[in-house]
Amino acid sequence: MTAGSLIWSDLAVGDAFTSGGRTITEYDIVGFAGLTGDGSPVHLDQEFAAATEFGQRIAHGLLGLSYAHGLIMGSGLFRDCALAFLGISDWKFKAPIFIGDTIHVDYRISELRLRRSRDDQGIVTFDVDVCNQRSEVLQSGTKAILMRTLEEVGR
């Protein structure tokens with residue numbers, strides 16, 4: 001088992017966690033634009049972005065969502081039991097992420113349930129807030145992860 005990793009029996013509704021941080025850079029935005037093909041000028045053109053309500057370039061919303069998932073799963077907390085990302089719901093983009101912002105994720109277990117077809121797997125649902133260095137919520141929603149429930153997997 002990875003040091004610090006949790007297993008199914010360690011989890012309870014209401015458990016809350018905070019990820020480490022990640023500072024958003026020019027490289028992140030340009031790289032994401034290249035990977036996705038989303039070259040919108042609000043992300044890549046400083047002159048254009050300066051004339052928008054944001055006053056400067058912003059990160060892609062989906063870049064923030066992607067990093068949120070990475071910050072949660074990259075923590076190692078669920079390394080020994082996580083099997084698959086099942087989906088998101090009610091995701092809201094509440095405020096922009098700017099170059100230089102350091103984002104982190106606050107997430108809470110809102111539901112734990114065994115999978116109907118397999119009792120060795122369960123679904124963990126998290127309420128997620130993506131926050132900046134001032135603890136302002138920039139994005140929020142719900143994420144579901146499929147996890148192993150067997151004790152011998154982790155310990």
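- Nearest heavy atoms, His60 versus Asp38: NE2-O, 3.0 Å.
- The structure places OG1 of Thr142 at 8.0 Å from CH2 of Trp91, a figure rounded to the nearest 0.5 Å.
- Atom CD1 of residue Ile145 and atom CG of residue Leu86 lie 7.0 Å apart, to the nearest 0.5 angstrom.
- Remark: Arg57 CZ to Ile99 CD1 distance equals 4.0 Å, nearest 0.5 Å.
- Contact between Thr149 and Gly122 at its shortest, heavy atoms only, is CG2-N, 3.5 Å.
- Other residues, nucleotides and ligands contribute over 12 non-hydrogen atoms within 6.0 Å of the CD atom of Gln46.
- Between Asn132 and Glu136, the shortest heavy-atom distance links the atoms ND2-OE1, 2.6 Å.
- Judged by distance alone, with hydrogens and angles left aside, the side-chain atoms of Ser19 form no donor-acceptor pair with the main-chain N or O of Leu71 at under 3.5 Å.
- Contact between Val105 and Ala68 at its shortest, heavy atoms only, is CG2-CA, 3.7 Å.
- With rounding to the nearest 0.5 angstrom, the CG atom of Asp106 is 11.5 Å from the CG atom of Asp127.
- Between the side chain of Gln139 and the backbone N or O of Leu65 there is at least one donor-acceptor pair closer than 3.5 Å.
- The side chain to side chain donor-acceptor pair (under 3.5 Å) check on Ser140 picks up Lys94, with sequence neighbours excluded.
- Summarising the geometry, atom OH belonging to Tyr107 is positioned 11.0 Å from atom CG belonging to Asp15; distances are rounded to the nearest 0.5 Å.
- The closest donor-acceptor contact from the side chain of Arg148 to the backbone of Leu83 lies at 3.5 Å or more, if one exists at all.
- Under a hydrophobic-cluster definition in which Ile, Leu, Val, Met, Phe, Trp and Tyr are linked whenever side-chain heavy atoms come within less than 4.5 Å, directly or via other members, Met73 and Phe85 are assigned to the same cluster.
- Each of Leu44 and Phe98 belongs to its own hydrophobic cluster when Ile, Leu, Val, Met, Phe, Trp and Tyr are linked at side-chain heavy-atom distances under 4.5 angstrom.
- Contact between Cys131 and Leu138 at its shortest, heavy atoms only, is C-CD1, 4.2 Å.
- The aromatic ring centroids of Phe32 and Tyr67 lie 6.0 Å or more from each other.
- Other residues, nucleotides and ligands contribute at most 12 non-hydrogen atoms within 6.0 Å of the CZ atom of Arg116.
- Under the 4.5 Å side-chain criterion, counting only non-hydrogen atoms from C-beta, Thr36 is not in contact with Leu62.
- Under the salt bridge (charged side-chain N to carboxylate O under 4.0 Å, His left out) test applied with Asp129, the options Arg108, Lys143, Lys92 reduce to a single match, Arg108.
- Phe17 and Ile103 fall within a single hydrophobic cluster, where Ile, Leu, Val, Met, Phe, Trp and Tyr are joined by side-chain heavy atoms under 4.5 Å apart, directly or via other members.
- At a threshold of 4.5 Å between side-chain heavy atoms, the hydrophobic network of Ile, Leu, Val, Met, Phe, Trp and Tyr places Ile72 and Ile123 in two separate groups.
- There is a path of hydrophobic side-chain contacts, each under 4.5 Å, that joins Ile88 to Val124.
- Closest approach of Cys81 to Leu6, counting heavy atoms only: SG-O, 3.4 Å.
- The structure places CG of Leu63 at 9.0 Å from NE2 of His43, a figure rounded to the nearest 0.5 Å.
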